[in-house]
Amino acid sequence: MGLHVALIEPLIAPNTGNIARTCAATESALHLIEPLGFSLDDAALQRAGVDYWDEVDLWVHRGWRYFREAVSRERCWYFSARGTQSLWDVRIPDGSCLVFGNEGDGLPARILEKHPERVLRIPMSGSVRSLNLATAAGIAVYDVLRSIDHNRIKAGVTA
């Protein structure tokens, strides 16, 4: 089935490129929800994704409504520093979509209000309020895959 990652209106090309590389490494689909803060031809995006773009199952949606038509609500888990539930306390099934807001605004308020039981936070201590988007997506993808089946990622692949 496979994991999916969705970015709502991402702003920073290198973050998206790094997330694309993570998706390629884990055979996870990547959904970009427009408008984007950069062009898909952006050199920084291409550089951050290195030469793995051909291996990314990339979906570009013209807006939230189009994404919602392609991916059902039941498959979505939302990530926010404002989430009340820890990623570590929830079992996310294979086929789920991990949804992240953009670097400036995070998740839209309507999602936080409409789906509070599906909004997760990545545990942090100290005075750190949030993580870089690419870092957060990487943590979430690998933690979910570990809990689903760590053998899904091809044997012999190293970081």
Side-chain angles (χ1 to χ4, degrees), residues 2-68 70-71 75-88 90 92 95-112 115 118-148 152-153 157-159:
L3 203 58
H4 293 249
V5 175
L7 306 179
I8 301 172
E9 302 177 8
L11 300 172
I12 301 174
N15 280 338
T16 300
N18 281 310
I19 294 166
R21 189 187 319 194
T22 297
C23 288
T26 59
E27 298 179 346
S28 301
L30 176 60
H31 298 259
L32 301 180
I33 302 166
E34 293 180 333
L36 308 179
F38 50 84
S39 163
L40 290 176
D41 297 327
D42 189 299
L45 176 74
Q46 297 301 319
R47 190 169 39 257
V50 190
D51 55 350
Y52 303 112
W53 280 102
D54 290 343
E55 297 179 38
V56 177
D57 181 8
L58 180 63
W59 298 65
V60 179
H61 305 276
R62 291 182 291 170
W64 179 254
R65 182 181 63 149
Y66 296 97
F67 168 74
R68 181 55 66 224
V71 179
R75 291 177 51 202
C76 292
W77 292 90
Y78 307 97
F79 286 80
S80 171
R82 296 176 291 203
T84 57
Q85 218 174 163
S86 169
L87 166 64
W88 296 345
V90 176
I92 298 176
S96 293
C97 186
L98 313 181
V99 182
F100 297 85
N102 69 37
E103 297 89 341
D105 301 321
L107 281 177
R110 71 181 183 273
I111 292 174
L112 293 169
H115 306 287
R118 297 183 78 83
V119 178
L120 307 176
R121 63 179 165 70
I122 295 171
M124 293 178 273
S125 60
S127 62
V128 176
R129 291 185 316 275
S130 63
L131 297 169
N132 169 278
L133 179 60
T135 300
I139 289 168
V141 166
Y142 274 95
D143 188 66
V144 170
L145 287 175
R146 178 204 51 78
S147 70
I148 292 171
R152 181 174 164 262
I153 298 173
V157 176
T158 58

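All figures in this text were calculated on a predicted structure; none of them were measured in a lab. Index from 1, following the sequence.
- Between I12 and L133 the shortest side-chain heavy-atom distance does not fall below 4.5 Å.
- Applying the ring pair (Phe, Tyr, Trp, His ring centres under 6.0 Å) test to F100 and every residue at least two apart in sequence or in another chain returns F79.
- Atom OG of residue S80 and atom CD1 of residue I111 lie 10.0 Å apart, to the nearest 0.5 angstrom.
- Checked by atom type and distance alone, the side chain of E103 pairs as donor or acceptor with a backbone atom of L11 at under 3.5 Å.
- To the nearest 0.5 Å, the span separating CG on L87 from CD1 on I92 amounts to 5.5 Å.
- Here the closest heavy-atom approach between residue N18 and residue A134 is recorded as CB-CB, 3.9 Å.
- Scanning for ring pair (Phe, Tyr, Trp, His ring centres under 6.0 Å) contacts around H31 gives H4, W59, H61, F67, with sequence neighbours left out.
- The minimum heavy-atom distance linking N102 with E9 is given by the pair CB-O, 3.0 Å.
- Note: I122 CD1 to I139 CD1 = 5.0 Å, rounded to the nearest 0.5 Å.
- Screening residues 130-145 for salt bridge (Lys or Arg N to Asp or Glu O under 4.0 Å), with sequence neighbours left out, gives D143-R146.
- A heavy-atom distance below 4.5 Å is not found between the side chains of V90 and S86.
- Between V141 and S28 there is a side-chain heavy-atom pair separated by less than 4.5 Å.
- Interatomic distance, CD1 of I8 versus CG of L107, reported as 5.5 Å (0.5 Å rounding).
- In this structure, R68 and C76 have side chains that are in contact, with non-hydrogen atoms separated by less than 4.5 Å.
- Applying the side-chain hydrogen bond (donor to acceptor under 3.5 Å, both in side chains) criterion to D105, with sequence neighbours excluded, gives no partner residue.
- Here the shortest heavy-atom pairing between A20 and V56 reads O-CG2, 3.4 Å.
- A13 and F38 make their closest contact through N-CD2, 3.6 Å (heavy atoms, listed as atom of the first residue, atom of the second, distance).
- For residues 125-135, the set of pairs meeting the side-chain hydrogen bond (donor to acceptor under 3.5 Å, both in side chains) definition, not counting sequence neighbours, comprises N15-N132.
- Partners of D57 by salt bridge (charged side-chain N to carboxylate O under 4.0 Å, His left out), not counting sequence neighbours: none found.
- With a 4.5 Å cut-off on side-chain heavy atoms, T16 and L7 count as touching.
- In this structure, L30 CG and C97 SG are separated by 9.5 Å, a value rounded to the nearest 0.5 Å.
- The structure places OG1 of T22 at 11.5 Å from CG of L3, a figure rounded to the nearest 0.5 Å.
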